[in-house]
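Here the structure comes first, spelled out in structure tokens, and everything after it is commentary.
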There are 2 protein chains.
Amino acid sequence: MPAAARTKERKTSVDVVFETLYSAINNLEMLPGDKISEAEIAAQFGVSRQPVRDAFSRLANLGLLLIQPQKATEVKRFSRREIAKSRFVRMSVESEVTRRAAQNATAATKAALDANLAQQTLAVEAGSYEKFGKLDYAFHNILCKTAKVDFAFELISAEKANVDRLCMLSLSKEDRMPELLDDHKKIAERVSAGDAEGAVAIGRIHLARLDATIDAIFKDKPDYFEP
Amino acid sequence: MPAAARTKERKTSVDVVFETLYSAINNLEMLPGDKISEAEIAAQFGVSRQPVRDAFSRLANLGLLLIQPQKATEVKRFSRREIAKSRFVRMSVESEVTRRAAQNATAATKAALDANLAQQTLAVEAGSYEKFGKLDYAFHNILCKTAKVDFAFELISAEKANVDRLCMLSLSKEDRMPELLDDHKKIAERVSAGDAEGAVAIGRIHLARLDATIDAIFKDKPDYFEP
DNA sequence: AAGTCGTGACATACTAGTATCTCTGTGTGG
DNA sequence: CCACACAGAGATACTAGTATGTCACGACTT
């Protein structure tokens with residue numbers, strides 16, 4: 001979940017609408033380009049239009065909705081430029097994290113990475129992309145902690161979330177798990193060995209694979225992208 | 001300006017309120033911790049409370065306002081953690097941009113950088129921090145274009161904006177211009193020479209100076225920071 | 001005298017209804 | 001047959017008023 005800058009002690013109608021739509025969009029229950037109307041959603045939730053409007057506004061700020069004033073509101077299509085930006089941030093931040101992690105790596109780091117990789121192997125054998133994805137997050141969290149920049153994990157999570165909706169469209173994500181796991185193993189090995197530049201180099205290859213996946217999705221479903 | 005995900009062809013009341021408050025907050029006409037009320041702002045702009053509410057919501061999403069439901073709304077204080085995140089992103093992205101710029105540098109790059117530096121020198125002699133700041137932006141834009149990642153400039157701009165409000169509090173920003181200019185000259189020289197790692201190393205020193213400034217502000221005005 | 005409870009002022013959350021803008025489709029004039 | 005104008009449908013933008021939650025202050029109780 002993204003961090004909205006508000007206290008969350010109480011749960012308002014806006015929150016309910018927002019959270020429901022947020023996950024519906026990210027789970028592709030609502031597809032890019034789908035038109036939605038304030039009145040329709042309001043009726044569905046049994047509230048007036050205003051809270052729906054507020055929720056729409058928040059979703060638009062997160063880049064999930066496109067509000068066309070006095071015309072219509074639709075689920076935002078993917079923007080190749082936004083994706084490129086997101087990918088560049090992630091590459092930059094992960095390179096920096098990996099570099100620092102390699103410089104600070106200890107025996108404990110190696111142990112934590114190896115334990116995570118063992119679980120990743122199990123997930124691949126079980127063919128569970130969901131499990132694998134969670135362990136992938138944890139893998140990066142270990143690197144962030146080793147690099148002593150825990151907050152960087154929030155950044156990586158946010159950027160990952162930006163493309164997660166896109167990746168849900170991928171046809172063959174299960175097939176790619178073995179090579180991703182292999183990358184992780186190599187990165188862990190270099191980091192544990194304190195070889196910063198080597199680890200970064202593999203990290204770049206690792207992220208480039210995702211670029212290929214994204215290109216494949218673009219060719220498969222051009223309608224889901226902005227012109 | 002941050003990119004709100006909405007078409008901007010028409011200018012609504014919400015836009016007017018939003019933009020006015022946005023610059024008031026960034027120019028420190030409204031200070032961190034200041035309480036503001038929907039009704040008050042609505043009266044001031046001669047509109048009803050709803051557009052003000054929408055504008056508040058957008059500002060809260062950008063991290064400039066803290067909405068405490070059914071209690072109060074105030075200008076958000078600075079968060080040391082958020083600042084650290086912002087700084088880390090900028091350091092990571094700029095390192096990557098600088099590295100690629102050095103690899104792609106041509107004679108035209110050198111010419112563009114030198115021209116920019118000549119103007120920066122004039123700005124420093126004139127003691128104009130505002131002019132210097134604008135040229136600083138342009139300097140980074142040249143690097144992004146050389147690195148062939150123009151979109152990275154949007155990222156850097158966004159991160160810079162995140163701390164610009166904070167830097168407005170700095171007491172001695174004019175005094176620091178000469179050393180910042182000196183950094184820029186060294187970075188330009190290394191980039192033009194194609195020395196990627198050398199340029200990145202100076203870039204790190206350059207950004208670290210800003211960290212020192214931020215620490216000084218924190219000691220000077222602790223009330224403007226979150227606990 | 002100290003603690004607790006109630007009340008009132010004031011903040012945001014929400015509802016309902018009106019105004020205004022944009023697109024679309026149709027009919028008419030050239 | 002094509003182009004333009006106009007009207008209607010439907011969407012969001014805005015207004016005004018009501019509901020509800022929070023805090024502070026003062027009176028009452030112990």
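Just so we're on the same page: letters track the sequence lines, and every chain starts at 1.
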>> Measuring to OP1 and OP2 of C:dT12, would you say a side-chain N or O of B:Thr73 lies under 4.0 angstrom away?
In response: yes

> Can you find a side-chain donor-acceptor pair between B:Asp15 and B:Thr12 that sits under 3.5 Å?
Replying inline: yes

> Should the pair B:Arg165 and B:Phe78 be classed as cation-pi, given the thresholds of under 6.0 Å to the six-membered ring centre and 45° from the axis?
Replying inline: yes

>> When you measure from the side-chain N and O atoms of B:Lys71 to the phosphate of D:dC23, is any distance below 4.0 Å, counting only OP1 and OP2?
In response: yes

> Taking the side chain of A:Phe56 as heavy atoms from C-beta outward, which of C:dT12, C:dC14, D:dT12 is closest to it?
Replying inline: D:dT12

>> Starting the side chain at C-beta, find the nucleotide from C:dT12, C:dT15, D:dA13 nearest to A:Glu38.
In response: D:dA13

>> Check this for me: does any side-chain nitrogen of one of A:Asp136 and A:Lys160 sit under 4.0 Å from a carboxylate oxygen of the other?
In response: yes

>> Whole angstroms only, please: what is the CD-P distance between A:Gln68 and D:dG10?
In response: 18 Å

> Nearest to the side chain of B:Gln70 - C:dT15, C:dT12, D:dA13?
Replying inline: C:dT12

> B:Ser13 side chain N/O closer than 4.0 Å to the phosphate oxygens (OP1, OP2) of D:dC14?
Replying inline: yes

> Roughly, in whole Å, what's the span from CG in B:Leu59 to P in C:dT12?
Replying inline: 14 Å

>> Between A:Ser48 and B:Ala39, which residue's closest nucleotide on DNA chain C lies nearer the 5′ terminus?
In response: B:Ala39

> How long is the line joining CZ of B:Arg49 and C1' of C:dC10, in whole Å?
Replying inline: 11 Å

>> As a quick check of understanding, evaluate salt bridge (charged side-chain N to carboxylate O under 4.0 Å, His left out) for A:Arg77 and A:Asp223, giving each step before the final call.
In response: CA-CA 8 Å; A:Arg77 292 181 157 84; A:Asp223 286 353; over 6 Å; no

> Expressed in angstrom and rounded to an integer, what is the separation of A:Gln50 atom CD from D:dC14 atom P?
Replying inline: 10 Å

> Charged N to carboxylate O under 4.0 angstrom, B:Arg80 versus B:Asp215?
Replying inline: yes

>> With a 4.0 Å cutoff (strictly under), does any side-chain N or O of B:Arg53 reach OP1 or OP2 of C:dT12?
In response: no

> Can you tell me how far C1' of D:dT22 sits from CG of B:Leu66, to the nearest Å?
Replying inline: 15 Å

>> What is the separation between atom CD on A:Glu40 and atom P on D:dG10, rounded to the nearest whole Å?
In response: 13 Å

>> Tell me the interatomic distance from A:Asp54, atom CG, to C:dT15, atom P, rounded to whole angstroms.
In response: 11 Å

> Which whole-number value in Å describes the distance from B:Glu74 CD to C:dT12 C1'?
Replying inline: 14 Å

